[in-house]
Structure formats: structure tokens, C-alpha cells
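A note on names: the letters A, B, ... follow the listed sequences, proteins ahead of strands, and every chain is numbered from 1. As the structure is a computational prediction, the values presented were derived from the model and not from experiment.
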Amino acid sequence: MKKILIVAGSLFIVSQVSAAPNLQGYYQAKELVSYTVNKIQQNKAEYFMLDYALKKPAQPQAQLVAYNDALGYFQVENNGVNEEQFERIVQKVNPEGLRDQYVCRTDTSGVKLAYIAERDESCSTNYDQKPMAISQKGTKVTFFRRLDFGPTQSHFDIQSYDNNVAENTETLTLNYVLKFEGRWIGDSVRVIKGQAVLGDTSTQPTYDVANYQYSGPRSGSIVGGESLLYNDVPYFITDNTEDIAVDNSANHVVKTVFITFNEMDTDYHGRNVNTDDAVYYVNRDYVNQYTLENSTKAYFVSDPQTFVIDTAMAGPFESWVSVDESVWDPEKGTDQVSSGEWVSRAFNNTHNITGESPTFCMIEDIAKGRPVTGYFSEDGKSGWWPSMNDCKDVGVGVVPRIYTHFTNSNGEKIAVNSLRQSAQDIIYVRLQHPQGEKDLLTLDDVKAIKSSLRYLQIKTDLSQRFGWAKPYDILK
Amino acid sequence: MKKLVVGVFLSMLMVGCGGDGGDSSTQKNDSQRATKSMQLIVDAADLQELQNVKYASNDGIAFSTPENFQK
């Protein structure tokens with residue numbers, strides 16, 4: 001079945017998938033987690049002087065921290081790291097980090113605090129008026145940035161890194177909070193790295209990732225709500241998908257699912273669910289291991305499932321899975337479709353181009369080096385989704401548009417020819433695992449998720465900041 | 001390697017802002033500036049250099065992106 005979609009409509013649906021409108025489920029975790037992990041690496045350069053300042057004793061007035069002292073400490077502690085390369089990175093990330101600086105170092109309730117200050121400045125715990133600060137509580141170090149976009153619009157960008165050697169875990173967090181219409185809203189990411197012993201006695205790192213987003217009630221046509229994304233069990237990654245952890249503390253990633261539980265405060269108009277009230281919009285992503293043509297392993301969602309119901313948890317619901325092709329089956333409620341949705345979902349999420357949503361046929365164009373051609377109605381408002389089996393069969397009155405690049409959700413232009421290998425890979429692997437074979441989400445599943453201890457615990461952990469007087473607090 | 005997360009989130013605030021008059025452009029401007037400030041500056045080569053650097057405060061070197069989340 002060919003589909004005509006209203007372009008604005010499809011953007012609206014994408015925007016409802018989660019509070020981060022452009023990425024879906026597992027793929028959203030991928031973006032958030034890799035950002036958080038890389039940001040903690042970048043902070044080594046960005047917060048170089050403040051990190052070193054935490055080693056200094058607290059003083060009532062700003063103290064001068066000499067760059068040469070910080071660098072001397074760096075040299076002693078980092079044998080084997082190229083110092084010139086590190087300085088180059090500090091210069092690139094934070095040019096002010098390469099000179100002597102006045103710093104306030106304060107102790108408060110067992111927490112060490114440091115922030116950039118002026119000469120002779122009296123020190124306090126009022127770091128939140130400063131652009132940049134750092135704190136340390138035990139093994140956890142927390143990074144703070146205040147971004148002022150006007151007298152009343154401050155955003156707070158917080159990360160933390162807990163290196164808990166005693167428990168063999170490392171925990172990274174990211175929090176971004178701001179006030180919107182009098183309420184604190186924002187984003188909270190947590191990545192926990194642990195370890196597990198496998199049956200062959202090897203030790204493997206495990207990962208436990210979660211993302212909570214809070215956007216308050218709807219405001220006009222702005223979607224409100226909250227969402228929690230997490231994996232159901234900590235996971236490890238090995239080439240052998242049959243590996244097991246001897247104490248069952250973690251599963252191979254192909255035996256975990258990534259769940260996104262959204263409460264969306266917006267009108268929802270789907271096939272069965274039509275309501276002006278808030279809905280639960282739940283994703284369950286089954287991840288699988290795929291082998292690329294060059295024999296390397298890659299991971300994609302084999303079964304991206306969705307369930308939608310009014311928050312009253314009663315009445316009509318939708319439950320579907322995104323697949324490349326399906327046959328009409330009234331029992332299962334499936335349509336006959338062949339839009340190549342599995343491929344477009346995997347590809348567009350991987351490259352953060354769900355806003356432009358290249359179709360299967362366009363992705364095939366990319367893979368084969370053909371002109372990348374999308375089709376639209378004459379007024380440009382409706383996109384045409386050809387069947388993946390007959391890309392040339394386009395409707396009457398449909399006009400082609402050639403793409404040389406896409407614009408991703410970060411506003412960056414990506415040349416289509418730079419995506420060729422990825423397009424080839426995704427088309428190559430698409431049938432390595434059955435698509436849509438798993439049982440679809442049911443209302444009972446959704447109720448079980450919502451009342452599960454794991455869901456409740458992670459939500460409590462990640463949402464707690466939004467209940468604080470200062471959700472950006474780095475002294476707790 | 002430049003990536004942005006929270007700008008994605010902020011863009012949610014923009015959905016449907018078009019008809020709201022002056023606020024929407026202010027909000028959009030903030031969103032764009034936040035987006036810029038959130039972009040990672042380090043590239044893949046820098047990350048490799050940084051990977052073995054220890055934090056002075058807690059002696060940790062943290063870790064790199066899990067294999068299944070690498071692009």
C-alpha cells in the first residue's frame with residue numbers, strides 16, 4: 001500500500017515519539033549516551049584547572065592557581081599521555097584554561113567546591129551565579145555551567161562522574177535544566193558502567209543507561225509530558241550472543257529490551273486512539289546483532305514496537321511494529337505495506353535525520369550512488385512514500401525533488417554521498433533477523449512496565465532534581 | 001563527532017510555536033544558542049588522546065562509548 005503523508009503531519013508524529021522529538025527509543029539512547037560519555041572526556045580539558053583546584057585546600061579568599069603547577073601535576077599523574085596534544089585540546093576547548101587563574105575553593109558539608117573567581121574575592125557557596133564551577137563529594141565530581149541567554153533565561157548544564165573503585169562501577173550523568181513558563185523542565189541522562197563475569201570466566205564491562213525528560217504540562221501547541229527511556233537489564237556486548245553472566249546480573253545486549261515510557265500531554269489522533277487528553281506512548285525496542293558485509297558486528301533494533309492508549313488506561317489503543325513489509329492480516333490488525341519502514345527507521349535514526357525522513361527508495365538511491373530522489377505533491381505539502389518494491393511507481397501529480405544533502409537535527413548539512421556505506425550496510429543486513437516477529441505490546445505489558453520496581457526506581461532516581469529548589473544543585 | 005543532545009530536547013519547545021508571536025522567536029533564538037553551546041568541540045582523535053587522561057580529583061579516566069552505541 002502506498003502512502004501519502006502530510007509532511008507537517010509526519011513531523012508532528014515524529015515529535016510525539018518522545019520529548020526528544022527527533023530520535024526514537026534505542027537510537028535516542030545511542031545519541032544521548034555517546035554524547036554524555038564523550039562530554040565527560042571533553043571535560044578533562046574543559047575543566048582542567050578547576051579539576052586541579054579541587055586538590056587545593058579551602059580558603060576564605062580567592063587563591064591563585066598557577067597553570068604550571070596544574071601541568072606539573074598532570075605530567076606526574078599521566079605518564080604516557082602526550083602532554084602537547086593535551087594542551088592543544090585544552091586550547092581548543094577552553095583557551096582560558098591555559099593560564100594562571102584565581103579560584104575560590106570552599107568546603108561545605110563534606111563537599112569540595114571550586115569556581116573561577118576574581119582577585120581578592122571572598123569565597124562562598126554561591127557558585128550558581130558563576131559561569132563555571134566544579135564540586136567533589138567522595139568519588140563523585142560534578143561539573144557546572146550556567147548559560148545566560150538574557151536577564152530571565154538561564155540554562156544549567158551539569159554533568160557528573162563517579163569513579164567508585166570499591167564497587168567497580170563508574171557512573172556518568174548529564175542534566176540540562178531550564179525554567180519554562182515558571183517551571184523547571186529538562187533532561188537527565190545516566191550511564192552506569194559495571195562488570196560481569198561470563199561463563200568462560202572472562203570479565204566484561206556492563207552498561208546500564210537511562211534518560212528522563214520532563215517538559216511540564218502542554219502549553220498551547222507545545223507538547224508537554226515526561227518520558228523515561230531505559231534498558232530492562234544491564235547489558236554486555238560480545239561477539240557471541242549466547243554468552244551469559246554467571247550471576248545473571250546482566251544480559252547480552254541482544255537479550256535486553258529498551259523501553260521508552262512517554263506520558264504525552266497533547267492531542268493524539270491515530271487510527272484507533274483519538275483524544276484531546278494525555279496519552280501513554282510506549283516504545284519497546286528489541287536489539288539484535290547484525291554482521292556487515294566486511295564481517296564487523298553492528299547493532300540495530302529488530303523489532304521497534306509502539307503502544308498508545310489514553311492515560312486512563314482504558315478504551316481503544318494502538319499497538320504496532322515498524323517493518324519493511326507486511327501482509328494484510330485482520331487477526332493481527334496489520335495492513336499490507338511495503339514502504340521499507342524498518343530500513344528508513346534504522347537509517348534515519350542513526351544519522352539523526354528523522355525530520356527529513358528519507359524513504360526506503362531514497363536510501364537505496366544513496367546506497368547505489370543514484371540521484372537521491374524524493375517525491376512530493378505539487379504544493380510541496382505532501383510527501384509520497386513509494387513501495388520499496390517499485391520505487392518508480394509514483395502517483396499522478398507527484399513531482400520529484402533531488403537531494404544532494406540532508407540537514408540533521410543539529411542543523412548540520414550531511415552530503416548524501418557521505419552516507420553511502422551506511423545505506424549499503426543497513427540494506428545489506430535488513431533481513432538477517434526476522435522483522436516484527438515478537439509479540440506486540442499489550443495493555444498488560446504496559447501496566448506491568450509502569451508498576452515494575454525497575455521503572456519506578458529509575459524514574460525516582462532520574463527525576464529527583466526536578467523536585468529540588470535548585471534542580472542544578474551540585475552540592476548534594 | 002560534533003553532537004548535540006539538549007538542543008534536540010529544546011527543539012521540542014519549538015513545536016507549534018509559530019503562531020505565538022514574539023515569544024517564539026526569542027525562544028527559538030535561545031534554543032539555537034543553547035544548541036551551539038552544547039556542541040562537543042572535541043573530535044574522534046581528541047577523544048582518543050583524552051581517553052587515558054586521569055582526573056586529578058577522583059583519579060578516574062572514565063570510558064569510551066559502548067560498542068553498540070558507536071556509529
Side-chain angles (χ1 to χ4, degrees), chain A residues 15 19-23 29-35 37-42 44-45 51-52 54-55 73 77-78 80-82 85-86 89 92-93 136 139-141 147 149-150 153 155 157 161 163 170 172 176 180 187 193 207 213 215 220-223 237 253 287 299 350 409-412, chain B residues 1-21 23-71:
Chain A
S15 78
N22 304 298
L23 294 169
K30 184 170 171 165
E31 191 77 9
L32 293 166
V33 170
S34 73
Y35 178 86
V37 167
N38 292 340
K39 181 69 167 79
I40 294 295
Q41 293 298 335
Q42 178 174 302
K44 291 175 180 176
D51 176 44
Y52 173 69
L54 287 171
K55 306 294 285 183
Y73 187 88
E77 292 291 312
N78 290 285
V81 174
N82 185 323
Q85 285 297 326
F86 181 71
I89 298 168
K92 183 173 166 184
V93 171
Q136 184 178 9
T139 54
K140 184 175 81 170
V141 55
L147 305 160
F149 298 112
Q153 192 51 258
H155 296 192
D157 180 18
Y161 168 42
N163 179 32
E170 293 180 84
L172 314 186
Y176 196 93
F180 179 68
D187 207 322
K193 185 186 180 198
Y207 300 97
Q213 296 176 325
S215 47
S221 51
I222 300 175
V223 179
I237 307 147
V253 67
V287 178
Y299 296 85
T350 297
S409 302
N410 303 342
E412 298 158 344
Chain B
M1 189 47 72
K2 277 186 198 162
K3 278 188 212 157
L4 162 80
V5 177
V6 178
V8 170
F9 167 75
L10 290 170
S11 65
M12 173 206 61
L13 296 174
M14 306 314 306
V15 175
C17 266
D20 293 350
D23 282 343
S24 75
S25 61
T26 310
Q27 193 71 34
K28 189 170 184 177
N29 203 19
D30 287 351
S31 172
Q32 283 168 348
R33 287 165 65 189
T35 296
K36 199 161 188 290
S37 73
M38 291 295 295
Q39 284 188 344
L40 286 178
I41 299 164
V42 291
D43 59 24
D46 297 336
L47 286 169
Q48 211 166 355
E49 290 288 339
L50 289 169
Q51 181 58 63
N52 292 316
V53 172
K54 250 198 244 180
Y55 276 108
S57 51
N58 70 0
D59 284 339
I61 62 168
F63 49 92
S64 50
T65 304
E67 189 185 330
N68 63 313
F69 286 151
Q70 284 165 8
K71 296 220 165 166

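In this structure, the side chains of A:F86 and B:V53 come closer than 4.5 Å at one or more pairs of heavy atoms. Annotation: side chain of B:Y55 is in contact with side chain of A:I40 (closest heavy-atom distance under 4.5 Å). Proximity of A:N78 to B:N52: side-chain heavy atoms (C-beta onward) are nowhere separated by under 4.5 Å. Between A:E77 and B:D59, the closest side-chain pair of non-hydrogen atoms falls below 4.5 Å.
Rounding to the nearest 0.5 Å places OH of A:Y161 at 7.0 Å from CD1 of B:I61.
Here the shortest heavy-atom pairing between A:K44 and B:Q51 reads NZ-O, 3.3 Å. Of all heavy-atom pairs between A:N82 and B:E49, the closest is CB-OE1, 3.9 Å. Between B:F63 and A:V37, the closest heavy-atom pair is O-CG1, 3.0 Å.
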**Request:** For A:K92 and B:D43, run side-chain contact (heavy atoms from CB on, under 4.5 Å): C-alpha distance rounded to whole Å, both residues' side-chain angles, the deciding distance at 0.1 Å, then the answer.
**Result:** CA-CA 11 Å; A:K92 183 173 166 184; B:D43 59 24; 3.5 Å; yes
**Prompt:** Would A:I89 and B:L50 count as a side-chain contact (heavy atoms from CB on, under 4.5 Å) if you check the C-alpha gap in whole Å, the side-chain angles of each, and the deciding distance to 0.1 Å?
**Reply:** CA-CA 9 Å; A:I89 298 168; B:L50 289 169; 4.1 Å; yes
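The backbone N or O of B:L47 sits nowhere less than 3.5 Å from a side-chain atom of A:Q41 that would complete a donor-acceptor pair. No donor-acceptor pair under 3.5 Å is formed between the side chain of A:Q42 and the backbone N or O of B:L40.
Within the 4.5 angstrom heavy-atom criterion, atoms from both the backbone and the side chain of A:E170 approach chain B. Heavy-atom distances place the side chain of A:V253, and not its backbone, under 4.5 Å from chain B. Within the 4.5 angstrom heavy-atom criterion, only side-chain atoms of A:V81, from C-beta onward, approach chain B.
No side-chain donor-acceptor contact under 3.5 Å links A:T139 and B:N58.
Note: A:N163 leads A:V33, A:N163, A:V141 in heavy-atom pairs under 4.5 Å with chain B.
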